[in-house]
Number of protein chains: 2
Amino acid sequence: MTTSLAVSTVIFALRPSETSDLKTVWIPLVRRIRDPYVGKWALPGGPLLSEEDLASAAARNLGETTGLDPQYLEQLYAFGGLNRSPGERVVSIVYWALVRSEEAARASEGENVRWFAADSLPPLAFDHNLIVEYALWRLRNKMEYSRIAHAFVGETFTLAQLREVHEAVLGRALDPANFRRTIEASQSVVATEQRLSGTKYRPPRLYRYNDAIDLADQGPLGPAYRSSRAPSPQQITPNPHPQERSTRQ
Amino acid sequence: MTTSLAVSTVIFALRPSETSDLKTVWIPLVRRIRDPYVGKWALPGGPLLSEEDLASAAARNLGETTGLDPQYLEQLYAFGGLNRSPGERVVSIVYWALVRSEEAARASEGENVRWFAADSLPPLAFDHNLIVEYALWRLRNKMEYSRIAHAFVGETFTLAQLREVHEAVLGRALDPANFRRTIEASQSVVATEQRLSGTKYRPPRLYRYNDAIDLADQGPLGPAYRSSRAPSPQQITPNPHPQERSTRQ
DNA sequence: ACAAAAGTGTTGGAGGTACACCCATGT
DNA sequence: ACATGGGTGTACCTCCAACACTTTTGT
């Protein structure tokens, strides 16, 4: 009995909720067209090719199946239980990814690809329900001490937009005043001189991500380290994105 | 070119430092006896057998090479860079483990197994220096918000002993008074009626780990969840340990 | 008695929540 | 002018570091 190696990805995007007025977390799933669990929904994934590293495999697979280009990509966990897949032994190295709302909007949705609200999924193929649950837990956790929220917004953004991201992921409203101070204290954003116009009422200031301050989550595996060091594994935030702008002046 | 799957483990134990009077973090390494990097020191590891899950593979390998029985075992990361091993593509799923000092003392040390201070390692085989660095980072991080320190001490322990663990891992002294209050507030320990005798000066109270409170790190992958849930992956704290006692009365 | 660790009390600062309030702009 | 989100001020609470102080034992 041979054991095969696969790479899958949990992809997160924020979309307007069907019930609440806040945005909520959604993930795209693909329908199984092969034998184990045919017809069931599953995480996008596939075998690891011999000449690509793990993060590349995740990014490629994600692009091929959903057409998406993620803003953030990080390894989640390696699942290797004996009975994950009936008949055959599969070890899955799972990544999780964040895509911006605009990117998510233009995602190919069809008969075999569909978005689901992350906290009310149907029964999925394999152990994918557990995997998504764990990924969601990581996302929510990391939102509190890291700055991944920026991966959900554009290059410039208002604090209200950034707050909306936090609220969507955390699932509860945040005090605008306190949110502002917390973010400003963290130095993770820098104010631009521009303001967002076209809104009703007072135009909010636009901010930009502060590259100078590094996140320092992931420790020695983070991008900051790896550049100044020897061999280095994979695990990278993918190539930046053609950016849209929602500002003038 | 085929890609093979291996499991390795970073094993941590606390031992008296050679320089400082505090204990420090040590890890056992094994000498390579095969072709890539022959003679170099490396993490214990080996191929994944087809009928064992990932955590079992880590525990088995760890036991076979070092004779140790870990108190705690958790997955660290999957390393899958293309050039990790010259000639052949290897994806390594790495675990990290904690063993108690007494256990570590009776570890087989010999020509091909030796303990090293974790923060001053020689150049290791493969990307193992980076791996250890990352594992150390995780250990130190996790020490602050989790209760893994208990894996280093016996079943009953004084707060001074527990503090010694924190100090060793963190590499700095902690205020005994504040440490006591922090631990007591966390409810992670319960006082026993016993005291440790045989010491000079006032005999300290012995404490026991509080099983009732769960750690809730690891989220959906933690033991608490998995028992009440469906298929479930691997990733477990291994079987408990024949315990020694250092108390009387 | 006394030395030293065990254990308690007290203070001050940092950070986070709740909430009152002012500011600026499109309508 | 006014409604409303943008943005500021402030009081309070909790948690944590620092450190003075009391208690308890073996010698």
Give me, pair by pair, the N or O atoms of the protein and of nucleotides 23-27 of chain C that are less than 3.5 Å apart, along with how far apart they are.
| from | atom 1 | to | atom 2 | distance (Å) |
| --- | --- | --- | --- | --- |
| dC23(C) | O2 | Arg202(A) | NH1 | 2.8 |

Less than 4.5 Å apart, side chain to side chain, heavy atoms only: is that true for Arg205(B) and Gln194(B)?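 Counting from C-beta outward, Arg205(B) and Gln194(B) never come under 4.5 Å.
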Of all residues at least two apart in sequence or in a different chain, which pass the side chain to side chain contact (heavy atoms under 4.5 Å, CB included) check with Leu121(B)?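 With neighbours one apart ignored, the set is Ile27(B), Leu29(B), Phe116(B), Leu124(B), Asn129(B), Val132(B).
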Looking only at atom types and distance, does a side-chain atom of Arg100(B) sit under 3.5 Å from a main-chain N or O of Phe152(B), one as donor and one as acceptor?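 Checked: no pair found.
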Outermost nucleotides of DNA chain D that come under 4.0 Å of a non-hydrogen atom of chain A: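 Listed 5' to 3', the contact boundaries are dA3(D) to dT10(D).
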Residues in ring-ring contact (aromatic ring centres under 6.0 Å, His included) contact with Tyr134(B), at least two apart in sequence or another chain: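 Per chain and number, Tyr134(B) pairs via ring-ring contact (aromatic ring centres under 6.0 Å, His included) with Tyr77(B), Trp137(B).
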Can you sort out the partners of Tyr207(B) under ring-ring contact (aromatic ring centres under 6.0 Å, His included), two or more places apart, ordered by chain and number?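 Testing Tyr207(B) for ring-ring contact (aromatic ring centres under 6.0 Å, His included), a comparison that skips the adjacent residues, returns none.
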Between the side chains of Arg140(A) and Glu144(A), is the shortest nitrogen-to-carboxylate-oxygen separation below 4.0 Å, so that they form an ion pair?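 No, no charged N to carboxylate O under 4.0 Å.
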Does a side-chain N-to-carboxylate-O contact under 4.0 Å join Lys23(B) and Glu167(B)?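 Here Lys23(B) does not pair with Glu167(B) in a salt bridge, since their nearest N and O are not under 4.0 Å apart.
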CD (Glu109(B)) with more than 12 external heavy atoms under 6.0 Å: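 Yes.
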Spacing of Arg180(B) atom CZ relative to dA5(C) atom P, expressed in whole Å: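 Arg180(B) atom CZ is separated from dA5(C) atom P by 14 Å.
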Checking Arg181(B) against Asn178(B): is there a side-chain donor and acceptor pair closer than 3.5 Å?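 Side chains of Asn178(B) and Arg181(B): pair found under 3.5 Å.
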Nearest heavy-atom pair of Ala97(A) and Thr9(A): which atoms, and what distance?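 For Ala97(A) and Thr9(A), the tightest heavy-atom pair comes out as CB-CG2, 3.9 Å.
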What protein N or O atoms touch nucleotides 13-20 of chain C N or O atoms at under 3.5 angstrom, if any, and at what distances?
| from | atom 1 | to | atom 2 | distance (Å) |
| --- | --- | --- | --- | --- |
| dA18(C) | N7 | Asn178(A) | ND2 | 2.8 |
| dA18(C) | N6 | Asn178(A) | OD1 | 3.0 |
| dA18(C) | N6 | Arg181(A) | NH2 | 3.4 |

